[in-house]
Amino acid sequence: MFLYVIPYLLTMLFDFNFKSTTLLFCCFHGTLFSVLLLTKGARKGEKSSIWLSIFTFLAALYILPFALGYAGWYSKNPYREFLFYVPFQQLFLFPVVLYFYFQTLLDKNFHFSKNLVWHFVPPILYLLYTIFIFLADKFYFGYSHFYANGRDKDFDSWYQVAGFLSLATYLILSLQLLKKYKILIFNTYSFADELTFSWAKKFLYALLSILVLRLLFFILNPEWANFGAKFWYYCCFSVLVYYISINGLLNVVTSLTSLSQKDLHVEPPKLKTQKGNQLDDELSSARDLKKWKVQLEALMTNEKYYKNPELSVFDLAKELNTHPKKISQTINQEFAMNFNDYVNQYRIKAVIDLLHAGAHEKQTLLAIAFDCGFNSKSTFNRVFKYQTSYTPAAFCQKLTVNTGAKS
């Protein structure tokens with residue numbers, strides 16, 4: 001008998017229809033991911049996981065009023081009056097949290113400082129606004145004075161529009177961070193493909209596309225308080241939260257560089273410069289860059305430094321006893337490419353030389369690629385196709401055909 005009473009009571013309290021159940025399921029998993037990410041962040045000291053945990057929890061709260069609304073709670077008391085006073089949709093807060101998640105993900109030296117507190121002024125003001133309304137209604141007016149129109153303040157047009165603009169702004173800032181990070185790592189590491197966080201870029205673009213759809217919704221259906229028309233929007237948003245939460249939970253790649261580029265401005269030991277010359281003057285000297293160009297080519301051609309799969313601009317700077325920024329500037333200006341492309345061109349040339357020598361008849365293409373400094377099959381295939389216009393397999397087939405024709 002007891003087993004039958006519990007489902008009946010739950011049904012009376014919550015209408016488990018398709019819409020309410022789907023969104024409630026998403027809220028539950030969002031909260032679960034939040035706990036898992038928080039645990040991971042605390043255990044491994046990952047600040048990015050902690051920020052993502054907060055974002056995931058806020059996203060679950062963002063969806064929750066619609067799960068409860070489709071279940072009929074907003075049309076019943078005592079739920080109705082309670083829900084009106086809870087600021088579920090933190091439209092000013094979770095864009096900021098998302099931005100700081102990407103800051104900690106992409107910048108190994110990022111630390112939250114006092115001069116960043118201003119980002120949290122709008123969400124704090126909105127929280128104070130909701131507290132004021134609650135206290136005024138409960139202890140001054142004694143009735144729902146501010147909710148006389150029967151509408152939740154979270155769905156007021158001014159707040160929804162302001163929240164939309166806030167999310168759009170911080171999304172653009174996050175995309176700019178990602179762009180800056182990509183430029184920096186491709187100018188610093190020869191294995192930059194493994195550090196790109198491609199899933200993060202996909203998430204941001206997908207979220208941006210949802211924002212565009214939401215903008216269209218504002219235009220086509222300005223009555224944002226109408227629950228029924230927004231179900232699929234919140235479903236799409238839930239899928240995106242799943243995507244970033246799972247990737248954030250499983251992601252083991254960490255940023256190796258600082259977006260402030262402080263690493264590229266550290267004086268190396270025993271820096272050899274002419275007496276009286278400043279580093280900036282030396283960097284701007286075209287003749288000086290020509291000198292470093294020759295030395296770089298010697299390291300690559302004679303010493304075969306490109307064979308190091310984890311080669312970075314710092315390694316070459318240390319070997320040449322100079323500044324990392326000098327190496328980057330020489331490659332950018334003298335070779336008109338970034339560090340990653342510069343090293344990979346030597347690797348591809350080495351692979352092609354081995355293929356012409358018949359190495360592919362004794363080794364796999366992947367083994368040859370690894371011998372030449374690549375540490376990823378996907379990177380090797382992409383770079384080979386980019387530089388030769390052939391896939392490695394097609395190049396070998398073409399080589400075999402040409403060899404057969406000559407014989």
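Values reported hereafter were calculated over all heavy atoms of this structure, with side chains retained and with hydrogens, waters and symmetry mates removed.
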Looking at the rings of F155 and F66, which for Trp means the six-membered one, are their centres under 6.0 Å apart?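 They qualify: ring centres under 6.0 Å apart.
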Are Y342 and F335 an aromatic pair, judged by ring center distance below 6.0 Å?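 Yes, they do, as the ring centres are separated by less than 6.0 Å.
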I need the [X] [atom1] to [Y] [atom2] distance, nearest 0.5 Å.
| X | Y | atom1 | atom2 | answer |
| --- | --- | --- | --- | --- |
| Q176 | Y99 | CD | OH | 8.5 Å |
| W51 | L38 | CH2 | CG | 13.0 Å |
| F237 | I210 | CZ | CD1 | 7.5 Å |

Does the Lys NZ or Arg CZ of R347 fall within the cation-pi geometry relative to F374 - under 6.0 Å from the ring centre and within 45° of the axis? yes
More than 12 non-hydrogen atoms from neighbouring residues, nucleotides or ligands closer than 6.0 Å to [atom1] on [X], yes or no?
| X | atom1 | answer |
| --- | --- | --- |
| K138 | NZ | yes |
| F132 | CZ | no |
| Y386 | OH | no |
| K182 | NZ | no |
| F57 | CZ | no |

Between R382 and D193, does any side-chain N to carboxylate O distance fall below 4.0 Å? yes
Is it the case that the side chain of [X] and the backbone of [Y] share a donor-acceptor pair, with hydrogens and angles ignored and the cut-off at 3.5 Å?
| X | Y | answer |
| --- | --- | --- |
| T301 | A298 | no |
| D152 | D154 | yes |
| T364 | A367 | yes |
| D315 | S312 | yes |
| S255 | L106 | yes |
| T21 | F18 | no |
| Y70 | F231 | yes |
| S20 | A67 | no |
| D137 | F146 | yes |
| N338 | D341 | yes |

Do we see a donor-acceptor contact under 3.5 Å between the side chains of [X] and [Y]?
| X | Y | result |
| --- | --- | --- |
| N187 | N332 | yes |
| Q89 | Q160 | yes |
| S376 | S378 | yes |
| T257 | T188 | no |
| E310 | S190 | no |

Show your reasoning for whether side-chain contact (heavy atoms from CB on, under 4.5 Å) applies to Y147 and Y85. CA-CA 9 Å; Y147 287 99; Y85 292 104; 3.4 Å; yes
Search all heavy atoms of [X] against all heavy atoms of [Y] and return the closest pair with its distance.
| X | Y | answer |
| --- | --- | --- |
| S48 | Y101 | O-CD1, 3.0 Å |
| C372 | L354 | SG-CD1, 3.6 Å |
| S34 | T56 | N-CG2, 4.0 Å |
| T330 | L289 | OG1-CD2, 3.4 Å |
| N375 | P309 | ND2-O, 3.7 Å |

Hey, which of E334, K326, H323, E297 is the one that makes side-chain contact (heavy atoms from CB on, under 4.5 Å) with W292? K326
Using the side-chain contact (heavy atoms from CB on, under 4.5 Å) definition, which of the options F94, F102, F100 pairs with L98? F102
How far apart are the C-alpha atoms of K202 and F197, what are their side-chain angles, what is the distance that settles it, and do they pass the side-chain contact (heavy atoms from CB on, under 4.5 Å) test? CA-CA 9 Å; K202 292 175 183 176; F197 298 108; over 6 Å; no
In sequence, state the C-alpha distance, the side-chain angles, and the governing distance for F186 and T196, and then conclude on side-chain contact (heavy atoms from CB on, under 4.5 Å). CA-CA 9 Å; F186 273 84; T196 54; 3.8 Å; yes
Evaluate side chain to side chain donor-acceptor pair (under 3.5 Å) for E319 paired with Y305, printing each intermediate quantity in order. CA-CA 10 Å; E319 179 63 26; Y305 265 65; 2.8 Å; yes
Side-chain heavy-atom pair I352, F384 within 4.5 angstrom cut-off: yes
Trace of the side-chain contact (heavy atoms from CB on, under 4.5 Å) decision for F92 with L127: CA-CA 10 Å; F92 292 146; L127 180 61; over 6 Å; no
Scan the side chains in residues 162-174 for donor-acceptor partners under 3.5 Å anywhere in the protein, sequence neighbours excluded, and list what turns up.
from : atom 1 : to   : atom 2 : distance (Å)
T169 : OG1    : L165 : O      : 2.8
Y170 : OH     : H119 : ND1    : 2.8
S174 : OG     : Y170 : O      : 2.8

